[in-house]
Each structure stands twice: as structure tokens, then as C-alpha cells.
Amino acid sequence: METLSKYVIQFQKEDFKLFDRFYKETSQQVFFTIKKYIKDHMTVEDIMQDVYVKFLKKIQQVNPSQNIKSYLTTMARNASIDFLRQHHPIEYDDNHVYEAFDDQTIDEDYLWLLETLPSKEKDIVYLHVIEELKFKDIATITEEPLGTVLWRYKKAMTQLKEALKRHET
């Protein structure tokens, strides 16, 4: 994280020599954040480009001491949702997010469990379990208090365990 802050400070000085390194360190998380909403690879790449352009345009407003990956993840999530609202207003539902699990290393026999969760809980489980984000970062991304995120995660895990138990009996 410290390295990312150094990149931001350089970018704020209009020194972009190390942008390729910055991109290499952050692009995978940005890509998969967008991918969980958007299935078309070309569209994902277009949105990624937009996210990084917007990030650089607003670089003077970025606080180098904040979690830069969380900041980019939030930008990617918002850009994806904006795209869906503009291009697929009727088709958009929670399933877009969970189609991304097909690309992850999760046992597909248990994907149905995620569909038992309400939308916000699904997002939190996805960000914590798949994206491996800390709850503090998830709170930033979802724009909810940390306590609410923790409560939703605990509630979701209880629901998943109960659904699995019912399924196995």
C-alpha cells in the first residue's frame, strides 16, 4: 500500500513515468471488480480505461494516505453500475454480480447458496471471500459504516450455513 501512495504523490507532481507499474499493481483488482458486473471482455477493458483516466484527472483530489486499491475498486464498481444503468436498465439485477463467480475458483455446486442472500449481503460476502478485502475496505466501497458491514457479513454467513444445512438433510 505504501508503494501505491508513492505513485499517487508522483502523479500529483505530474510525473507519470511509473504509471505502468502502478497499473500492473492495481489492474487485476479493478478488472475483477468490473468483471463481476459486466461479462463482455471488451466492455470491461473500456470501463477499466475510463476508471484510470478518471482517476488521473482527479489525481489532485486523491489523498495518498488512503487505501488506493479501495479507492480504485469503488471507482470501478460505480463505473460498472453506471454502465449497466445506461445500457441495460431493464435487464440489470443481482445475478450480474454473481455470474462472476463462474470465473472464480469456487465449487459451482454451492453457487446457489449465494442466491439465497439479499443483495447487500451478497456484495459483502463477494468482496470479503472472493476479492479478499478487509472489512474496513468493504465499508469504504459500499459506503456503509464498518459495524453495518460486519453485521451484514455475520448475518449472511449464518444464512448460508442454515441454507446448506437444510440442503444436506
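The chain is numbered in sequence order, starting from 1. Computation of the quantities below employed the complete heavy-atom set of this structure, encompassing side-chain atoms and omitting hydrogens, waters and symmetry-equivalent molecules.
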Handout entry: side-chain hydrogen bond (donor to acceptor under 3.5 Å, both in side chains) partners of T142, counting only residues at least two apart
Key = none
Same apolar cluster: [X] and [Y], side chain cutoff 4.5 Å:
X    : Y    : result
I9   : L56  : no
W151 : M157 : no
I59  : Y23  : yes

Problem - Donor on one side chain, acceptor on other, T73 and Q29, under 3.5 Å - result: yes
Please confirm whether the backbone N or O of [Y] pairs with a side-chain atom of [X], one donor and one acceptor, at under 3.5 Å?
X    : Y    : result
Q12  : N63  : no
T158 : K154 : yes
Y52  : S27  : yes

Practice task
In plain terms, say whether E25 and K69 are close enough for a salt bridge, that is, a side-chain N and a carboxylate O under 4.0 Å apart.
Solution key: no
Handout entry: Q60, CD atom: more than 12 neighbouring heavy atoms under 6.0 Å
Key = yes
Does [X] have any side-chain contact (heavy atoms from CB on, under 4.5 Å) partners at least two apart in sequence or in another chain, and if so, which?
X    : result
A76  : V30, T33, I34, V51
T43  : I38, D40, I47, F83
K134 : D137

Handout entry: Non-neighbouring partners of F135 that pass ring pair (Phe, Tyr, Trp, His ring centres under 6.0 Å), sequence neighbours left out
Key = H128, Y153
Exercise for the section: Pick out which of I124, V125, L117 makes a side chain to side chain contact (heavy atoms under 4.5 Å, CB included) with R152. Expected result: I124
Name the atoms and distances for all side-chain donor-acceptor pairs under 3.5 Å in residues 13-21, with sequence neighbours left out.
unit_1	atom_1	unit_2	atom_2	d
D15	OD1	K17	N	3.2
D15	OD2	Q10	NE2	2.6

